[in-house]
2 protein chains.
Amino acid sequence: MAKRVATVEPTDQCCPSLLASPLDSTQAAELAGGFMALADPVRLRVLSILAAAPDGEVCVCEFVGPLCKSQPTISHHLKILSEAGLVVGDRRGKWVWYSLNRERLADLQGALQPVG
Amino acid sequence: MAKRVATVEPTDQCCPSLLASPLDSTQAAELAGGFMALADPVRLRVLSILAAAPDGEVCVCEFVGPLCKSQPTISHHLKILSEAGLVVGDRRGKWVWYSLNRERLADLQGALQPVG
DNA sequence: TCGATGCATCGACACTCGTTGATGTTATGG
DNA sequence: CCATAACATCAACGAGTGTCGATGCATCGA
């Protein structure tokens with residue numbers, strides 16, 4: 001039971017915390033890039049659908065209907081999410097299956113840590 | 001060891017979790033509005049400066065120098081952060097002191113909760 | 001090999017966003 | 001009352017973003 005809270009190493013993450021100390025321009029730009037990927041309703045819904053998928057992955061064509069967007073638009077958003085490191089795509093045959101990168105999501109969450 | 005994951009009540013927050021279930025358009029738009037406020041380097045630096053301030057509040061004029069932006073630009077970003085509920089301004093005489101709304105920040109963080 | 005399917009890319013459009021100088025508003029001090 | 005200072009708002013510009021139809025590319029089935 002001892003050292004239950006001391007086992008993790010939160011300082012090991014890539015994203016600096018917002019609340020630890022003032023960010024410089026470089027750190028701020030990098031963090032802003034991550035949040036920019038989250039700053040769109042369609043992309044948030046893509047992430048939530050991925051998170052709720054039983055197998056943890058969803059085919060591109062399965063986004064088009066529920067999100068009421070054209071296929072190029074979905075592809076566009078998936079590219080942005082992919083470049084932000086939030087999702088990864090895996091081509092299998094004609095289909096591309098996307099899944100969540102929960103570590104990256106946790107990184108962004110850590111940057112918002114309300115003071116440990 | 002039983003019911004170890006059932007102790008917390010994440011549904012008590014205002015922001016729906018990204019990872020709980022698929023978001024509808026309204027929820028996604030609201031969440032996206034919050035992250036949009038975070039999706040700018042200047043605004044992230046504003047927040048980090050506020051978080052690191054000893055008194056928890058910073059005068060508008062104190063942002064202009066460190067951030068290398070004009071006064072109208074700083075005022076513009078503070079307005080966006082204010083409308084997003086992330087900061088609050090308090091006018092005292094000629095000065096306006098801004099402080100962090102850590103609850104709102106925690107709400108957005110909660111939406112990124114990587115599954116309890 | 002050929003047509004069909006799934007996905008990415010391109011081109012173009014309307015719209016939003018970040019920025020700044022100029023101006024307006026509010027409060028202080030003489 | 002007037003000058004000054006701090007902050008907000010306005011007008012305008014360039015740059016970026018979301019969207020979609022058209023097109024290209026790869027894969028599968030016949």
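Chain naming here is simple, since letters A, B, ... match the order of the sequence lines and numbering starts at 1 in each.
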Point to revise | B:H77 vs C:dT19: side-chain N/O to OP1/OP2 distance below 4.0 Å | key: yes
Starting at atom [atom1] of [X], determine the distance to atom [atom2] of [N], rounded to an integer number of angstrom.
| X | N | atom1 | atom2 | answer |
| --- | --- | --- | --- | --- |
| A:R91 | D:dC25 | CZ | P | 14 Å |
| B:K69 | C:dG21 | NZ | P | 12 Å |
| B:M36 | D:dG18 | CE | C1' | 11 Å |
| B:H76 | D:dA6 | NE2 | C1' | 19 Å |
| A:W97 | C:dG6 | CH2 | P | 12 Å |
| B:I74 | D:dC7 | CD1 | P | 11 Å |
| A:L81 | C:dC7 | CG | P | 16 Å |
| B:E83 | C:dT16 | CD | P | 15 Å |

Out of [options], whichever nucleotide has its closest atom nearest the side chain of [X]:
| X | options | answer |
| --- | --- | --- |
| B:D40 | D:dG18, C:dG18, D:dA6 | C:dG18 |
| A:K94 | D:dT19, D:dA6, C:dT5 | C:dT5 |
| B:T73 | C:dT20, C:dA8, D:dC7 | C:dT20 |
| B:P72 | C:dT19, C:dA22, C:dA8 | C:dA22 |
| A:V96 | C:dG21, C:dG6, C:dA8 | C:dA8 |
| B:Y98 | D:dA8, D:dC7, C:dC7 | D:dA8 |

Revision key, fill the gap. Given the options A:V60, A:D90, A:V58, A:V96 meets side-chain contact (heavy atoms from CB on, under 4.5 Å) only with A:V60
Review point. Under the 3.5 angstrom rule, does the side chain of A:R43 hit a backbone N or O of A:L81 as a donor-acceptor pair?
Key: no
Study note, to complete from the structure: Between B:V60 and A:S70, the residue closer to the 5' end of DNA chain D by nearest nucleotide is B:V60
Practice item. Starting from the 5' end of DNA chain D, give me the residue, A:R92 or B:C61, whose nearest nucleotide shows up first. Key: B:C61
Quick one: closest heavy-atom pair of [X] and [Y], and the distance?
| X | Y | result |
| --- | --- | --- |
| A:R104 | A:A84 | NE-O, 2.8 Å |
| B:A51 | B:R102 | O-NH2, 3.7 Å |
| A:L78 | A:Y98 | CD1-CE1, 3.6 Å |

Practice item. Would you state whether a donor and an acceptor, one from the side chain of B:Q71 and one from the base of D:dA6, lie under 3.5 Å apart? Key: no
